[in-house]
Amino acid sequence: PGPQLPLDPSKKTLVILGSGWGATSLLKGLDTTDYNTVVISPKNFFLFTPLLPSVAVGTLGAKSVLQPTRYITRHKARQVSVIEAEATAVDPVNKTVTFTDTSPLRPVEPTRTIPYDYLVYAVGAETQTFGIPGVKERACFMKEIGDAEQMQTRFLDCIETAAFPGTSEEEKRRLLHMVVVGGGPTGIEMAGELHDFLEEDLKSWYPELHPYVRLTLVEALPNVLPSFSKELIAYTERTFKESKIEILTGTMVKGVNEGSVRLKPKDGEEREVPCGLVVWAAGNTARKITRDLMSQLPEHQTNKRGIIVDNYLRMPGAPSIFAIGDCTATSYAPTAQVASQQGAYLARMFKLIAKKDTLENKLESLNATSDDNDHTAEKHKEAESLKKQMDRIKLKPFQYSHQGSLAYIGSDKAIAELPIFGREWTSGGVATFLFWRSAYLSTLFSLRNRALVAGDWMRTKFFGRDVSRE
Ligand code: FAD
Ligand code: NAD
């Protein structure tokens with residue numbers, strides 16, 4: 001059975017899958033009076049991912065970086081149906097989406113299928129594990145809010161266990177060795193945040209443990225942050241060295257065991273390194289539902305990284321499906337900046353598409369009226385006018401405008417690469433950190449989140465990070 005929704009048969013149904021950067025940006029800009037709008041996402045909130053590593057170490061509270069999707073939809077001109085469920089299948093031929101309620105309150109997960117006229121596919125990606133043994137079971141990811149909370153619990157477990165009377169020196173050293181895998185921006189920011197906690201809080205809350213602390217970042221490539229300029233890579237490596245964060249480049253993690261990681265340097269022997277915590281930030285891969293959707297259009301979908309789209313973000317072979325953000329394989333990096341610009345672009349396009357659809361409906365009704373000799377010329381004239389109006393509506397291809405890259409590297413320092421007057425301007429340090437904070441504060445979607453994040457920063461500054469846990 002289909003869900004009971006306030007569907008107006010005179011309007012087309014727009015189904016949006018996801019409530020992340022792409023979907024939320026679309027929802028913000030969308031004129032909902034034009035469509036029956038349905039949002040389906042397993043999370044009933046938007047997560048501001050750039051501040052996720054700050055949640056993992058307790059600088060920020062989890063709720064500060066979440067915005068309930070209904071905060072956006074309740075202000076829309078026409079009601080939007082928000083359904084907390086996981087889409088499990090998309091049928092691009094019959095134009096339907098099947099979704100399941102994963103609530104633990106249901107003994108059997110109910111499944112529904114809904115038809116769509118247009119589908120915006122914005123389900124993001126999932127963490128790439130490359131099938132490396134032990135990663136899924138023992139490492140902490142850094143993608144969802146639950147990952148940050150899980151990491152915090154594990155991290156505090158390591159500290160409290162190390163603080164237990166009688167713990168051997170060797171065990172303390174192992175428990176307090178934190179390993180971050182992946183030298184992309186997520187891994188670098190995570191290592192920076194962990195460093196801040198260890199230096200600013202652990203040192204004062206658990207002074208006896210501080211000498212045992214070690215932080216290592218492992219990267220398979222010859223250097224970290226491959227998407228940043230050479231100067232900023234060098235600056236980050238220098239800052240990490242000063243902060244005593246060890247960087248092992250050219251080293252692959254081959255496995256995560258209980259209490260250790262297996263490292264394989266490019267030209268060296270594989271070795272086992274004891275550690276208490278492994279944070280896995282080794283990149284993204286397509287979700288199962290995305291792979292399933294792509295496999296239904298094998299002629300067009302030939303890139304394993306994600307969905308191929310045309311210049312209007314439509315899926316070739318299924319032009320009613322628009323795909324945006326991390327689930328796509330385009331020439332752009334999988335970033336929030338790209339996803340949100342794509343969402344905003346689609347909101348503008350859907351306004352034009354609605355206008356075109358209205359004219360098309362009028363034309364169809366006109367053609368359906370019976371011919372009456374007295375009015376044939378008039379009807380013909382009106383049809384011509386409608387066709388002309390339709391022709392005038394031109395969809396413009398999506399164009400990305402890069403606003404620059406920013407990353408926090410710990411010790412109140414950040415790096416920035418900003419395009420200014422057509423030139424790439426790079427900077428790193430404390431002033432850049434203040435810029436990073438103000439940039440993210442202003443990018444946060446709501447005043448409520450801005451107030452919560454600013455309040456958390458003040459709390460951390462004056463009282464330190466919270467080390468209590470359940
Ligand atoms: P997401 O934001 O991941 O949203 C996907 C949505 O789909 C989610 O709401 C999810 O719940 C939902 N979903 C999942 N499965 C289903 C399903 N089966 N059915 C329906 N819905 C589903 N980028 C930057 O530009 N700047 C940064 O500073 C930055 N920092 C980052 C820090 C971290 C720690 C991480 C992990 C990423 C960061 N990124 C940053 C990258 C950025 O978060 C992603 O590029 C962005 O989230 C992509 O947006 P999206 O809408 O495609 O996917
Ligand atoms: P990424 O793909 O950028 O980096 C992952 C890194 O892990 C790669 O450098 C890879 O070589 C390494 N790696 C993979 N397997 C490994 C292994 N077994 N052993 C050792 N190293 C291994 O992933 P990310 O950092 O999560 O970033 C994902 C996307 O999100 C990127 O587009 C990034 O730009 C964006 N992002 C941006 C920011 C920011 O702008 N501040 C922050 C976070 C993420």
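Quick caveat, the model's predicted, so the values are computed rather than measured. Note that ligands are numbered from 1 as they come in the structure, with each ligand's atoms numbered from 1 the same way. Note that the numbering runs from 1 along the sequence shown for the chain.
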Salt bridge (Lys or Arg N to Asp or Glu O under 4.0 Å) contacts touching residues 327-340 (sequence neighbours left out): none
Other residues, nucleotides, ligands: >12 heavy atoms within 6.0 Å of Lys254 NZ: no
Geometric N/O contact Glu189 with ligand 1, under 3.5 angstrom: no
Region of Ala339 engaging ligand 1 - heavy atom pairs below 4.0 Å: side chain
Atom 30 (N) of ligand 1: nearest protein contact (heavy atom, Å): Pro50 CA, 3.5 Å
Shortest protein heavy-atom distance from atom 43 (O) of ligand 1, along with the residue and atom involved: Thr49 OG1, 2.5 Å
Distance, nearest 0.5 Å, that separates CZ of Phe155 from CG of Leu202: 7.0 Å
Side-chain donor or acceptor of Trp280 paired with backbone N/O of Gln128 under 3.5 Å: yes
Which residue and heavy atom of the protein sit nearest atom 36 (C) of ligand 1, plus the separation: Met142 O, 3.3 Å
Sub-4.0 Å heavy-atom approach of Tyr440 to ligand 1: yes
Shortest protein heavy-atom distance from atom 25 (O) of ligand 1, along with the residue and atom involved: Ala336 N, 3.0 Å
Protein contact of atom 4 (O) of ligand 1 - nearest heavy atom, named by residue and atom, plus distance: Gly20 CA, 3.2 Å
Which protein N or O atoms sit under 3.5 Å from any N or O of ligand 2? Give each pair with its distance.
| from | atom 1 | to | atom 2 | distance (Å) |
| --- | --- | --- | --- | --- |
| ligand 2 | 9 (O) | Glu219 | OE1 | 2.7 |
| ligand 2 | 9 (O) | Glu219 | OE2 | 3.1 |
| ligand 2 | 11 (O) | Glu219 | OE2 | 2.6 |
| ligand 2 | 18 (N) | Val253 | O | 3.2 |
| ligand 2 | 19 (N) | Val253 | N | 3.0 |
| ligand 2 | 21 (N) | Ala220 | N | 3.1 |
| ligand 2 | 25 (O) | Pro185 | N | 3.2 |
| ligand 2 | 25 (O) | Thr186 | N | 3.0 |
| ligand 2 | 25 (O) | Thr186 | OG1 | 3.3 |
| ligand 2 | 26 (O) | Thr186 | OG1 | 2.8 |
| ligand 2 | 30 (O) | Pro334 | O | 3.4 |
| ligand 2 | 32 (O) | Pro334 | O | 3.2 |
| ligand 2 | 40 (O) | Leu406 | O | 3.3 |
| ligand 2 | 41 (N) | Glu189 | OE2 | 3.3 |
| ligand 2 | 41 (N) | Leu406 | O | 2.6 |

Distance filter under 4.0 Å to Pro334 heavy atoms, resulting ligand 1 atoms: 41 (C), 45 (O)
